[in-house]
Structure formats: structure tokens, C-alpha cells
Protein chains: 2
Amino acid sequence: MHKDSPSATWPAVRRKFIEAGGSTTQSFGLGRILGQMYALLYLSPTPLCLDDIVRELSVSKASVSTTVRQLERWSAVKRVWVQGDRKDYYEAETDFHAVLRHGLLTTVRKKLDTAGSQINRAESSLRETRARGNGKSHDDLAVVMQRLDHAKQFHSKIQGLLSNPLLDHLL
Amino acid sequence: MHKDSPSATWPAVRRKFIEAGGSTTQSFGLGRILGQMYALLYLSPTPLCLDDIVRELSVSKASVSTTVRQLERWSAVKRVWVQGDRKDYYEAETDFHAVLRHGLLTTVRKKLDTAGSQINRAESSLRETRARGNGKSHDDLAVVMQRLDHAKQFHSKIQGLLSNPLLDHLL
DNA sequence: AAAAATGTTCAGTCTTAATTGAACGATGCA
DNA sequence: TGCATCGTTCAATTAAGACTGAACATTTTT
């Protein structure tokens, strides 16, 4: 009998962690590189430049360039200045709370917005349709209207929750 | 000048709504059919069988079969019995609260779980590594350890939040 | 000014995962 | 039992979008 990982080397541990970050973001539908890159920066005690990242993750510079800007938009990483080097250096934002609020929540909110406006459009179209008696029985239309209302109501409840200051408190 | 949609027909309104559902779920990384199917059932005053859905969405029966089971697992639809028909009929669960809790939250929780266990594994590996002095400066290792701890802490905070009864209250 | 270094953009490739078609097992029916 | 109806499964296809290579714009260095 032998122990599974009796003594992992530091680079091995790091690689594992980065890989884990990648598959996590991948499982959430964001790309793999996003997570790998954030993990890499998160474990790095010093800021890294684009080519560092290219080297560490062996991905194209194009990917790094676009992904780093995505992470920046989410305030998950920030650009930092390094003495006497014109390269751009990046470090991870360690305040997850800020990342979540500024990045994830606003993204979700945006998607829910477009969904909501489509519900509204459907509802008002339907209201017009109902005026003229189009094919559908009156009872059926009533059911549908009631459901659209229900959906609208739920939608705004969620929207409210996502911008509820109480949520910030819980985090 | 003319009004944009002065009088949409009922089938047109419905198609729009279904399409909207599809693109919403798609934008969240779940397939397109999932949303279309739920939207269809949600607007239907009566339960539908698999072939109804195949006809309405013009998708393969295979897709309908697998997707309906996914929706069922999330308790987003439920199977209902129809007098003297051996086909399976389905209707939408209109209690979004239940769907969210039973479907979405458990899914997210599961993904966070695997992420969390990977953080833990990394941390304990690193603890071992630190015992022997492997390459890295002691200060750097300290920073990394501190960050892994920080991540672990945040992770459990989120896990807690997701199973917080207070969350149910807010919904 | 030429060359090098750096970051960005975009058309094209490649990977992942959604979707399908066809074969199958099961269940009811004549 | 033979036939029809349903639903499921799985290998294969297809579509979506992640990722790349090469060309480019910009700034720095020689």
C-alpha cells in the first residue's frame, strides 16, 4: 500500500490548481482559459505580463489578450505599473465580493433584462390580439395572460433581489 | 409612418415567446431546446405529449425525450395522467420558486462543491510541500497559503448563502 | 529610419457539446 | 403471436463558440 500524493512538488500543485480553475469556469459556460488565467494570477505573488501568461498556460497571445480584458471588465484582475517596464502587468483582484458584484451579477442582470423585455413585448402583443377574437378560446387566452403576468412578476422579483443591498450584506 | 406590430397573431406571439425562451437558456449555457420547450409548455393551457412538442418545435424526438427528462429532474415540468391515453403528457411547473431551488441552486451547489474540494486538495498538498523547502521562497509560499485560505473561506461563505433559509425567504 | 517589442484584431480552425437518425425495448392491441 | 404505438439510447452529425496564427498599429530602441 502506498499513499496517493505523498509529496507533490510546488509546480505540480500549482498546475493542478490552475487546471481546476479552468474546468470550473468551463463548467459554468465561461471559457477554460478564463479560469486558468485567474487561477494563475491568483497564485502569483507578483504581477505577470501577457507573455508570462502565454508561457505558463501555453495558450496563444491572442487568447490572453482578449481574456485579460474580459477579466478586467469584470474587475477580476487589475493592471499594475511596474518600474521601468513598458509591458502591461496584471494581478488578481482578491476581493471576491467585488468581483461577484461587479462581474457576475451585472452580467446575469443584463441577461435577465432582455428576457424580461421579451416577456413584456409578448404580453402587450397578446393584449392586442385578445381585443380581436383570434382563433383561441377566451378561456385559454385568459390562462395564458395570467401566466405571462405570473412570469413578469417573478422576473421583477429576481431583478429586485439581485440589486438588493441586503444581498451585499449576506456575501 | 406606421406602427411596428399593430396586430400580431396569436401563433406569432407564441413563436416569439418560445424563441425568446430558447435564446435565454442558450445565453446561460443550457441548450436552446430547454428554454423553448419550457416556454411552450408554460404557455399551453393543456398538457402536451412528446409528439406535440416535436411538432410544435420541429425538433427531433430524441431531443425532446432527453430534454423533458432534464426538465423533470429540475422539477420544471411534471408528468400528468390523461384519461384513456397511454402517452406521457407534461405540463409546466408554474412555481418558479421550486424550480429555482430544486433545479438551478442544486446544480450550482454541486459545481461549487467540486471546485471547493479541489481548493482543499491544493491547500493540503501545499502544506506538505512547505514542510520540505521546495524551491519557492518562504515568503512567497506564505502569500500563496494565505490566498488559498482566503479562497476557501469565500467558498464556504457562498455555499452557506446558497443553502441559507433566508434566501428562500427573499425569493 | 529601421528594427524590435508589445498589444490588438480578425478570419479561419478546431473543440466541445447540442442535436439528430436509426435501431432498439417495451407496452398495448387485434 | 403479429402489429402498431411510444419512449429511450447511442453513434454520428452539426452548430456554436473557444482558440489560434498571421497581419497590423503603436511605441520604443538602436
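Chain identifiers are assigned alphabetically (A, B, ...) following the order of the sequence lines, protein sequences preceding nucleic acid strands; residue numbering begins at 1 within each chain.
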Open item on the list: So that I can tick it off, tell me whether B:E91 and B:R79 are bridged by a salt bridge, with the cut-off set at under 4.0 angstrom between side-chain N and carboxylate O.
Closed with: no
- [ ] Please find out if less than 6.0 Å separates the ring center of B:F96 from that of A:H150.
- [x] yes
TODO: Could you tell me the separation between the CZ atom of A:F28 and the C1' atom of C:dT16, rounded to a whole number of Å?
DONE: 18 Å
Open item on the list: Whole angstroms only, please: what is the CD-C1' distance between B:Q26 and D:dA18?
Closed with: 15 Å
Open item on the list: So, does B:S65 get its side chain near the phosphate of D:dT8, meaning an N or O under 4.0 Å from OP1 or OP2?
Closed with: yes
Open item on the list: It should be established whether A:R69 places a side-chain nitrogen or oxygen under 4.0 Å from OP1 or OP2 of nucleotide C:dT9.
Closed with: yes
Open item on the list: Using side-chain heavy atoms (C-beta onward) and a distance below 4.5 Å, is A:T94 in contact with B:R147?
Closed with: yes
TODO: Would you kindly give the CG-to-C1' distance between A:D88 and D:dA25, to the nearest whole Å?
DONE: 15 Å
Task: For atom CG of B:L48 and atom C1' of D:dC6, their distance in whole Å - done: 16 Å
- [ ] Please determine, by modelled atom types, if B:T114 and B:S117 share a side-chain donor-acceptor pair under 3.5 angstrom.
- [x] no
TODO: Report yes if at least one side-chain N or O of A:S63 is closer than 4.0 Å to OP1 or OP2 of D:dC19; otherwise report no.
DONE: no
Task: A:Y90 vs B:S58, nearer the 5' end of DNA chain C by closest nucleotide - done: A:Y90
Task: Atom pair distance, as rounded to whole Å: NZ in B:K61 and C1' in D:dT8 - done: 10 Å
Open item on the list: Looking only at the aromatic ring of each residue, does the gap between the centers of B:Y90 and B:Y38 stay below 6.0 angstrom?
Closed with: no
- [ ] Return the value, rounded to whole Å, for the distance between atom CG of A:L50 and atom P of C:dT6.
- [x] 10 Å
- [ ] Starting from P on D:dG17, measure out to CZ on B:R32 and report it in whole angstrom.
- [x] 9 Å
Task: Any N/O donor-acceptor pair, B:R86 side-chain to D:dT5 base, under 3.5 Å - done: yes
Open item on the list: Taking the minimum atom-to-atom distance to the side chain of B:A62, which one of D:dC10, C:dG7, D:dT20 wins?
Closed with: D:dC10
TODO: Give the rounded distance in Å between these two atoms: CG of B:L30 and C1' of D:dA16.
DONE: 15 Å
